[in-house]
Amino acid sequence: MPSELEVLYLYNNKLSGEIPSQLGDLENLAALGLDGNRLSGEIPPELGKLSNLDKMYLSDNRLVGDIPDELGDIPNLYGLFLSGNDLSGCIPEGLRDVEENDFEALGLPFCVPPDDVDCVEPLPSVHAIAIEDSWESECISVNRSSGRTYYARYYTLDLSEQALVGIELASEDDDGYLYLLDGEDSNGEVLQEVGGYKGVARLGPTMLQPGNYTIEAATYDSRVEGRFTLRVRMVHESVLQSSADRIALATLYLTTHGDGWNRKTNWLTEAPLSDWHGVITDSAGRAIDLRLGANNLKGELPAKLGLMQELRVLHLEFNDLSGEIPWQLGDLVHLRELRLSFNKLTGPIPSHLGDLSDLEELHLNDNDLSGEIPIELGNLISLTDFNLGHNEVSGAIPPELGKLANLRSLELGSNNLTGQIPLELGNLVNLERLNLSHNWLTGRVPSELLNVIRLEDLRLGFNGLSGNIPTGLSTLGELRILDLARNEFSGEIPDELGSIENLESLFLYYNRLSGEIPVELARATKLNELILNGNSLVGQIPPELGSLTDLQELSLDYNLLTGTIPSEFGDLEALEELDLSHNQITGTIPPELVTLTIWKSLTLAITCLLGRFLRSWAIFQALTR
């Protein structure tokens, strides 16, 4: 062969047979392109003698066997392309630094470098281990190849008994990547693997049988050096005692950073479960009550909580829990109270929760839950308190919720719910509180809601509801709070609202209401908040409102009111806030008004005041200093 040859390109033909080993004698060859043919057999190791080779293209042929170690001896090899063949084994260590390659497409690991005692460290036989270490170029990852160079450290684990093991890798320099390998060998079978996120990679908790294992702590990105911390927490069989409850609780501890809990007395010890903080057991020793609210739990809820078959109460509110609600909680068939509120839970509400026929309290509020409300929740026939407020739940309100005959409180406010209010909610005859505010609901308020005569708190504000304010609200004799604010209601304010004798707060602001303020509102003697601003109300302010001696806030601003300020307002001794601004009120400021001593703010901004306006206003200003 011509020894002066520097470039040999034979790619994209139909060449067959084996690659001649004599090509290794072309000592000046800088580029070899044989890709896209039908070449078979093994790659000749003699190609490793091409000391001047810059790039070699052998992809898309029918080559088999191992990649010769000799290719790693080519000193200045810049590009090597081998994919599209049937190669096996591993990628020679000497090829790690080849800049341009398609190694990732091969699906082969790099070959293991010679054992370096500094890269492997045995873990002590203790329950909690924390190791500060560093990634360095001398220790190469065996499993995380992908055609690039990743650094790693190895730790061997010798278990003499079954144990539940949780592993965490944390670093400020890289996200990290964890492998759990079978045996005391970096080439052992990969049992589990996980990549890191935001500097932390967590693996397990995993139940491991007695034997030898290896943990590989690798870099997530290629060629990253830096410090990291490896934490290993083990709970041995002497603590677990083959108990489903103990396994579930130990898993919860490991998954939610139990070492950082505020209170954790006797957890992960051989003490009876009844001595573990927050756990109550029955006479048989089964956990029936778990209360760890406001205890600094961080992380995801483990599916193994579903093993606690006798659990009646699960309170985990006011923590830092994340991730999705495990559907396995639906296996807790005896559960009566489930409180997961005020966390950072995401994802959909598991429909499997609809299997909890004994459930009485379901608190999922103040999370980041999304998706639609499962219709299966309509099967919770024992439910009395359902709070889903302050999430990102969307879609329509399921009519199936109307089957929850024992429900006393339904909180769905501050979500992204759409559609109309289901007529079936009128079947909730025991309901005392209904909050659907701050959603995107439309349509009219169904008259069927008037059947819910025990309602004390009705909040429908901040939606897109329209039509007239429903007649018949006076039948809701227990109603204390009526919030219809920030909707599209039109027509007049019904006189009958004054007949709701227990009414304390009436919010009708920013609608399209017209007509006069009903004199009959003065009959609602327990009113302490009357907020009617932002409408198109006309006429004079009824002086009879001055008889509402419990009134603390009266807002009538941004209307079309005329006439004068009733002097009777001087009798509103409990008044703290009065806003009559942006109307067409005339006359003088009543002296009786400026003598009020219990108030926070009086915002009048009345137009066209006559007579003694300036003198009265000067008195008012003097009083507010």
Side-chain angles (χ1 to χ4, degrees), residues 1-116 137-152 185-190 222-223:
M1 289 190 179
S3 60
E4 301 301 319
L5 190 65
E6 296 182 0
V7 176
L8 178 58
Y9 285 154
L10 301 176
Y11 54 85
N12 291 340
N13 282 289
K14 296 182 180 180
L15 300 175
S16 59
E18 297 185 354
I19 299 175
S21 61
Q22 293 86 347
L23 290 180
D25 296 329
L26 300 175
E27 57 185 26
N28 292 316
L29 197 65
L32 175 62
L34 302 179
D35 47 314
N37 282 287
R38 300 175 182 176
L39 299 172
S40 57
E42 298 185 355
I43 300 173
E46 288 81 1
L47 296 184
K49 297 189 298 179
L50 299 174
S51 58
N52 291 303
L53 197 66
D54 180 63
K55 291 185 180 181
M56 182 187 301
Y57 302 89
L58 302 181
S59 55
D60 296 314
N61 278 288
R62 299 173 182 177
L63 302 172
V64 297
D66 294 345
I67 302 172
D69 291 337
E70 288 80 358
L71 297 188
D73 296 334
I74 301 175
N76 298 308
L77 189 62
Y78 184 80
L80 178 60
F81 303 91
L82 304 173
S83 63
N85 288 290
D86 194 19
L87 300 173
S88 56
C90 56
I91 302 171
E93 186 68 21
L95 297 177
R96 282 188 181 273
D97 294 328
V98 174
E99 192 71 24
E100 293 183 359
N101 62 75
D102 58 357
F103 295 165
E104 189 168 356
L106 296 176
L108 301 177
F110 276 101
C111 301
V112 183
D115 287 340
D116 185 344
S137 59
E138 290 79 7
C139 299
I140 306 299
S141 171
V142 173
N143 294 287
R144 186 159 173 72
S145 58
S146 301
R148 298 180 181 179
T149 301
Y150 298 85
Y151 305 144
D185 189 339
S186 56
N187 267 334
E189 178 187 356
V190 177
S222 177
R223 300 179 182 276

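Everything numeric in this text was worked out from a predicted model, so none of it was measured.
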Q.
For a quick test of reading the model, state the closest non-hydrogen atom pair linking Leu10 to Asn13 and the distance between them.
A. O-ND2, 3.0 Å
Q: Report the residues that fulfil side-chain hydrogen bond (donor to acceptor under 3.5 Å, both in side chains) with Ser59, sequence neighbours left out, ordered by chain and then residue number.
A: none
Q. How far apart are the closest heavy atoms of Ile74 and Met56, and which atoms are they?
A. CD1-CE, 4.2 Å
Q: Over all heavy atoms of both residues, which pair between Val190 and Asn143 is shortest? Give the atoms and the distance, please.
A: CG2-OD1, 3.5 Å
Q.
My understanding is that only residues two or more places apart in sequence, or in another chain, count here; which of them pass side chain to side chain contact (heavy atoms under 4.5 Å, CB included) with Ser21?
A. Pro44, Glu46
Q. Which heavy atom of Pro68 sits nearest a heavy atom of Pro92, and at what distance?
A. O-CG, 3.5 Å
(Q) Just so I know, are the side chains of Asn61 and Ile19 near enough to count as touching, which here means a heavy-atom distance under 4.5 Å? (A) no
Q | All pairs passing salt bridge (charged side-chain N to carboxylate O under 4.0 Å, His left out) where residues 54-77 contributes a residue, at least two apart | A | Lys55-Glu100
Q.
Any heavy-atom pair between the side chains of Ile43 and Leu87 that's under 4.5 Å?
A. yes
(Q) Using every non-hydrogen atom in the two residues, find where Glu27 and Ser51 come nearest and quote the distance to one decimal. (A) O-OG, 4.4 Å
Q: May I ask you to test the Tyr11-Leu34 pair for a side-chain heavy-atom distance under 4.5 Å?
A: no
(Q) Angle between ring planes, Tyr57 versus Tyr9, binned at 30° and 60°: parallel, tilted or perpendicular? (A) perpendicular
Q) At what distance, to the nearest 0.5 angstrom, does CG of Asp102 lie from CG of Leu82? A) 6.0 Å
Q.
Among residues at least two apart in sequence or on other chains, which ones pass side-chain hydrogen bond (donor to acceptor under 3.5 Å, both in side chains) with Arg223?
A. Asp97
Q) Taking only residues at least two apart or on different chains, which pairs with a member in residues 6-23 satisfy salt bridge (charged side-chain N to carboxylate O under 4.0 Å, His left out)? A) none
Q.
Which residues pass the ring-ring contact (aromatic ring centres under 6.0 Å, His included) test with Tyr78, not counting sequence neighbours?
A. none
